[in-house]
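Below is one structure, written out as structure tokens; comments come after it.
Everything quoted here is computed from the prediction, not taken from an experiment.
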Amino acid sequence: MNHLRKLELLFISTLFVIGINAQRGMSKVPATPQIWHRPDSAIICPKLCDSISLPTSYTMMMVYKSLQPEKAQQLWKINRTDNKYYSISTHAMSTEKAVMPLRRTKKTFKPCIYTFQQTLKPDTSYQDITQLFFGTDNTQDTSSIILYEAAYFDYRLPLLQSLMFQTYLAIKNGITLDGASYISTHGDTIWDAKLSKDFYNRIHGFCSDTIYDYISTYSISVEDSIISIYTDDTLPKNSYILIGDNNADLDWKQYDGNFALLQRMWKMSVTGSINNPIHIKVNSDRFYQYESDTLYLITLDQDYNIIRKQKPDSIYNMCSYYTITPYHNMYFSFGSMFEHQLKKERGNLNKKDRNSLSITPNPTDGDFIASIHLEEEKSITITIKDMTGKTIHYQTLGNVRDYLYNGRINTPGLYIISLSDDKWNVIASTELIVY
């Protein structure tokens, strides 16, 4: 009997270990949302309603931009059909049920990733279909939210699954996570928060993700438009390229003789077998003084010694373009052999002599004024496109230099307004938010 009892206990313990390992293995499998809104246009109306079963716990992830971050706004509500409901509404960037970290409460019009997990109190008195509202279920609500993507999971995601989905959202939208490592849908660490802590700023990139079916070839951070990267062809399956910077000032430091090196540096991380040439575009008007000088792409080793100086492939409108062969843990910055003496103060470049476009008010409820300044009088075309790239309006303005354009857009969303010359070269552009 004792022998049989030992065998029985051994069998039970084996099943227990197998079950635990199975659960751990399941946590490594990317989670699929039960409700998932991710439109091609990158913007969806926040007033959406879906039917769900009453959950005991759930996870909500959203990418949204608040147009009025100081105002209480409802992001979602779980509403039972018997009119007894459990709701979540927001006050600025926090909720009634859980206060978010202070770093998220700053006023911003940039998109952010919002993750919330909740375990509900057991309720057996009413079991029926419930309603999940994204945005508000009240037509009188004046919440001003642009919703880019929303995902609902009917359980609390384990940390690894949560990081996988947050990584997907961060890469897709150019948003830097809050100090967490980036994890691919195959469980690989593609950006280590500890090893890359000195470059954990303005992280963005592109990938070929076959699990969440997201393939991208262009990337820019929502926090800063100085650097953008892109490729002509899609990456091999399940490959990733990410870059982040060291958050140094956009100032020059004398390196050797007349050569000056930008203090801000970038780190590139590559995951997968990537042979694609990668293009880097630099909007250098924020830190560069002389358009006639050559801005070199500087490749550095881990000790930040210069390995290579690379001239741009092309230069246009204070933007320099480079082509590189990427590799894992690649460090780079920019440098110049100034044709003029390096001056500490910026401002030698008179911005009034460059093309500029500014919009007021922005955000707007529809009406706006575009203030246009050109470096010389010419004929231009003003074009308005939505986030799908569809042109909703364009107009040619003949022989202008300083001009105020009055416009109106009736449909809420994010729009790109650009100016182009008679050869359809874009000479200035900016974003406009309509709520």
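- Separation of atoms NZ (K311) and CG (L297) is listed at 14.0 Å; rounding is to 0.5 Å.
- Listed for the N355 side chain is a donor-acceptor partner under 3.5 Å among the backbone atoms of E375.
- Looking at heavy atoms from C-beta onward, D301 lies out of side-chain contact with Y331 at the 4.5 angstrom threshold.
- Side-chain atoms of D313 come within 3.5 Å of backbone atoms of T323 as a donor-acceptor pair (strictly under, hydrogens ignored).
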* Using the ring pair (Phe, Tyr, Trp, His ring centres under 6.0 Å) rule, take W76 and Y152 through it: C-alpha gap first, then chi angles, then the decisive distance, then the call. => CA-CA 10 Å; W76 73 88; Y152 163 84; 9.6 Å; no

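- Residues K267 and L195 come closest through the heavy atom pair NZ-O, 3.8 Å.
- A donor-acceptor contact shorter than 3.5 Å links the side chain of T167 to the backbone of I183.
- With D154 contributing its side chain and P55 its backbone, the two residues share no donor-acceptor pair below 3.5 Å.
- Within the 4.5 Å cutoff, side-chain heavy atoms of M265 are placed close to those of F199.
- Remark: the backbone N or O of I203 is paired with a side-chain donor or acceptor of T176 at under 3.5 angstrom.
- Heavy-atom minimum distance, N173 versus L169: ND2-O, 2.9 Å.
- In plain terms, the two heavy atoms of Y200 and A180 that are nearest each other are OH-O, 2.5 Å.
- The heavy-atom pair separating S216 from F206 by the smallest distance is OG-CB, 3.0 Å.
- The aromatic rings of W36 and Y168 sit perpendicular, their planes meeting at an angle over 60°, well past the 30° parallel limit.
- Here the side chain of D303 pairs no donor or acceptor atom with the backbone of N305 at under 3.5 angstrom.
- Distance check: Y58 OH to T119 OG1 gives 9.5 Å after rounding to the nearest 0.5 Å.
- Annotation for K385: atom NZ does not count as buried by contact number, only 12 or fewer foreign heavy atoms lying within 6.0 Å.
- Between L397 atom CG and L419 atom CG the span is 8.0 Å, to the nearest 0.5 Å.
- Using a 4.5 Å heavy-atom cutoff, the side chains of K172 and V63 are not in contact.
- Side-chain contact check for M62 versus M60: some heavy-atom pair is nearer than 4.5 Å.
- The CG atom of L357 sits 7.0 Å away from atom CD1 of I417, with the distance rounded to the nearest 0.5 Å.
- Using bins of under 30°, 30° to 60° and over 60° for the plane-to-plane angle, the ring pair W266/F334 lands in the perpendicular bin.
- The environment of OH in Y327 is crowded: more than 12 heavy-atom neighbours from other residues, nucleotides or ligands sit within 6.0 Å.
- Taking the side chain as every heavy atom from C-beta outward, K65 and V222 never approach each other to under 4.5 Å.
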* Just do the side chain to side chain contact (heavy atoms under 4.5 Å, CB included) check on T234 and S208 with the steps written out, would you? => CA-CA 7 Å; T234 58; S208 177; 5.6 Å; no

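- Ring pair F165/Y212 is perpendicular by interplanar angle, where above 60° counts as perpendicular and below 30° as parallel.
- S269 contributes a side-chain N or O that, together with a main-chain N or O of I190, makes up a donor-acceptor pair within less than 3.5 Å.
- The two residues G205 and I171 have their closest heavy-atom pair at O-CG2, 3.5 Å.
- Between L157 and Q117, the shortest heavy-atom contact is N-NE2, 2.8 Å.
- In this structure, Q161 and T59 have side chains that are not in contact, with every pair of non-hydrogen atoms separated by 4.5 Å or more.
- A donor-acceptor pair shorter than 3.5 Å cannot be found between the side chains of T231 and T217.
- Between Y218 and Y230, the two ring planes are tilted [angle within 30° to 60°].
- M330 has its side chain within reach of I324: a pair of non-hydrogen atoms, C-beta onward, lies under 4.5 Å apart.
- At a threshold of 4.5 Å between non-hydrogen side-chain atoms, the residues I243 and I280 do not count as touching.
- Looking at N362, its side chain does come within 3.5 Å of a backbone N or O of E431 through a donor-acceptor pair.
- A donor-acceptor pair is defined here as one N or O able to donate and one able to accept, closer than 3.5 Å; no such pair exists between the side chain of S196 and the backbone of W191.
- Under a cut-off of 6.0 angstrom, the local environment of CG in N275 is sparse, with at most 12 non-hydrogen atoms contributed by other residues, nucleotides or ligands.
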* Audit row: Q34, S53, side chain to side chain contact (heavy atoms under 4.5 Å, CB included) steps and yes/no -> CA-CA 10 Å; Q34 280 63 51; S53 299; over 6 Å; no

* Stepwise, does the side chain to side chain contact (heavy atoms under 4.5 Å, CB included) test hold for W252 with L262? -> CA-CA 5 Å; W252 296 95; L262 193 68; 4.1 Å; yes

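- A distance of 6.5 Å separates CG of L295 from OG of S336, quoted to the nearest 0.5 Å.
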* Check against side chain to side chain contact (heavy atoms under 4.5 Å, CB included), S184 and N238 -> CA-CA 8 Å; S184 75; N238 304 311; over 6 Å; no

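- Here the OH-NE2 distance, from Y322 to H279, works out to 14.5 Å after rounding to the nearest 0.5 Å.
- In this structure, the side chain of D386 does not engage the main chain of I392 through any donor-acceptor pair within 3.5 Å.
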